[in-house]
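Notes for the one structure printed next.
Only this structure's heavy atoms are used, side chains among them; waters, hydrogens and symmetry mates stay out. In this text, all values refer to a predicted model and were calculated from it rather than measured experimentally.
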Protein chains: 2
Amino acid sequence: MIHSKPINNIDKICQQKGISLTQKRHNIFDVLLSSMIPLSAYDITDIYKNKFVTSMPTMSIYRILEFLTGSGLVHKLESTNKYIACSHLQCDHEHTNAQFLICNSCSEVEEVALTQELHHQIEVGAEQKGFKLEALQFELHGTCKTCLKKQSH
Amino acid sequence: MIHSKPINNIDKICQQKGISLTQKRHNIFDVLLSSMIPLSAYDITDIYKNKFVTSMPTMSIYRILEFLTGSGLVHKLESTNKYIACSHLQCDHEHTNAQFLICNSCSEVEEVALTQELHHQIEVGAEQKGFKLEALQFELHGTCKTCLKKQSH
DNA sequence: TACATAATGATATGATATATCATTCAAATA
DNA sequence: TATTTGAATGATATATCATATCATTATGTA
Ligand SMILES: [Zn+2]
Ligand SMILES: [Zn+2]
Ligand SMILES: [Zn+2]
Ligand SMILES: [Zn+2]
């Protein structure tokens, strides 16, 4: 099974953003894109070996993950220590904030943009405490639509 | 320096909540309460040894941390893999959700309750995706009041 | 006391992540 | 083309965070 949002124009996107995507970086991104669920660096090591026959050291994968997250192509889920391809690469809008709906049952993740409204409210709330926010990332755990249906049977 | 909110009546609180706080659990809680910043299980191991002269194996500390987080006395910050005493033990209100303002500069954390309003909005947003939320925990990174002041000098 | 249950200790190991130095690759320049 | 240089990747070691399992100790109850 493959990711719900195949990205064909990733190279064009990177060119536009000034991101230099080497073959290996491209491969790591492909591994993440092809996965239904977030992966750890060590998960990626295993999948990479199968998918590309040749193996890449996990430490290189960490480095590439760092590059990809820095470029905004990939997100790290802090609550699970796993990595996931960004779902909003096709969109024009900048998203300095993201919200992840993480299913505790099947591990699938839906990435949704935080509304401006909500972002603003949270920012103001923090400001009232004298706190200056950096990029927001919300990780919401629960049960997804599909798993809820299964449970109700 | 000690925690801004010393808790004297912790034993009474636990009694009321039906939490059995052994001496060692109490000690671990004290370590967290006395710290300005969140601590890892291994941090606690070191501090415990100094503070109580006798040493406790880190694995026991993990077990006690599990108990304390399960009881709601302590929170785990997922984004930093560290533990912090709950700041709202004195309050009556149930807080199934929490928001942490984490300073990237000095590591201090302020725990603030999410407003019902905001909680509701987020819940509704998730529901629209067919997603059923469990307990919310938001970890907001940025710069605290004190550090902002220092920076402006 | 005798028993049962909960709490803690000891040991091993798994999982995640960073630091550092060496090597390779690829673009720029002579 | 040959040379230089910086970026990317590989190799190795080690730090950090966490769980599993079995043994032992403490605590409450019949
Ligand atoms: Zn994204
Ligand atoms: Zn699911
Ligand atoms: Zn709390
Ligand atoms: Zn600060």
Of A/I61 and A/Y42, whose nearest nucleotide on DNA chain D comes first from the 5' end?
-> A/I61
Output yes when at least one side-chain N/O atom of [X] is less than 4.0 Å from OP1 or OP2 of [N], else no.
X: A/T22; N: D/dT9; value: yes
X: A/Y83; N: C/dT16; value: no
X: A/R25; N: D/dT9; value: yes
X: A/K24; N: D/dG10; value: yes
X: A/K82; N: C/dT16; value: yes
X: A/N81; N: C/dA17; value: yes
X: B/K76; N: D/dC17; value: no
X: B/Y62; N: D/dA18; value: yes

Interatomic distance where [atom1] belongs to [X] and [atom2] belongs to [N] [whole Å]:
X: A/D43; N: C/dG14; atom1: CG; atom2: P; value: 16 Å
X: A/Q23; N: C/dA26; atom1: CD; atom2: P; value: 11 Å
X: B/E66; N: C/dA7; atom1: CD; atom2: P; value: 12 Å
X: A/I44; N: D/dT9; atom1: CD1; atom2: P; value: 14 Å
X: B/M56; N: D/dA26; atom1: CE; atom2: C1'; value: 14 Å
X: A/L65; N: C/dA17; atom1: CG; atom2: P; value: 9 Å
X: B/L21; N: C/dA6; atom1: CG; atom2: P; value: 17 Å
X: A/I64; N: D/dT9; atom1: CD1; atom2: P; value: 5 Å

Between B/K82 and B/L39, does a side-chain contact (heavy atoms from CB on, under 4.5 Å) hold up when you go through it step by step?
-> CA-CA 5 Å; B/K82 292 193 162 42; B/L39 301 173; 5.8 Å; no
At under 4.0 Å between heavy atoms, what does [X] touch on the DNA or RNA strands: base, sugar-phosphate, or nothing?
X: B/S20; value: sugar-phosphate
X: B/S40; value: sugar-phosphate
X: B/S60; value: base

Is there a donor-acceptor contact under 3.5 Å from the side chain of [X] to the main chain of [Y]?
X: B/N27; Y: B/K24; answer: no
X: A/S152; Y: A/K149; answer: yes
X: B/S71; Y: B/L73; answer: no

Could you tell me whether the side chain of B/S105 reaches within less than 4.5 Å of the side chain of B/T146, counting heavy atoms only?
-> no
Which nucleotide in the set C/dA10, D/dC17, D/dG10 lies at the smallest distance from any side-chain heavy atom of A/P57?
-> D/dG10
Side chain of B/R63 - closest among D/dT21, C/dA17, C/dT11 = D/dT21
For the residue pair A/F138 and B/F138, does the interplanar ring angle fall in the parallel (under 30°), tilted (30 to 60°) or perpendicular (over 60°) class?
-> parallel
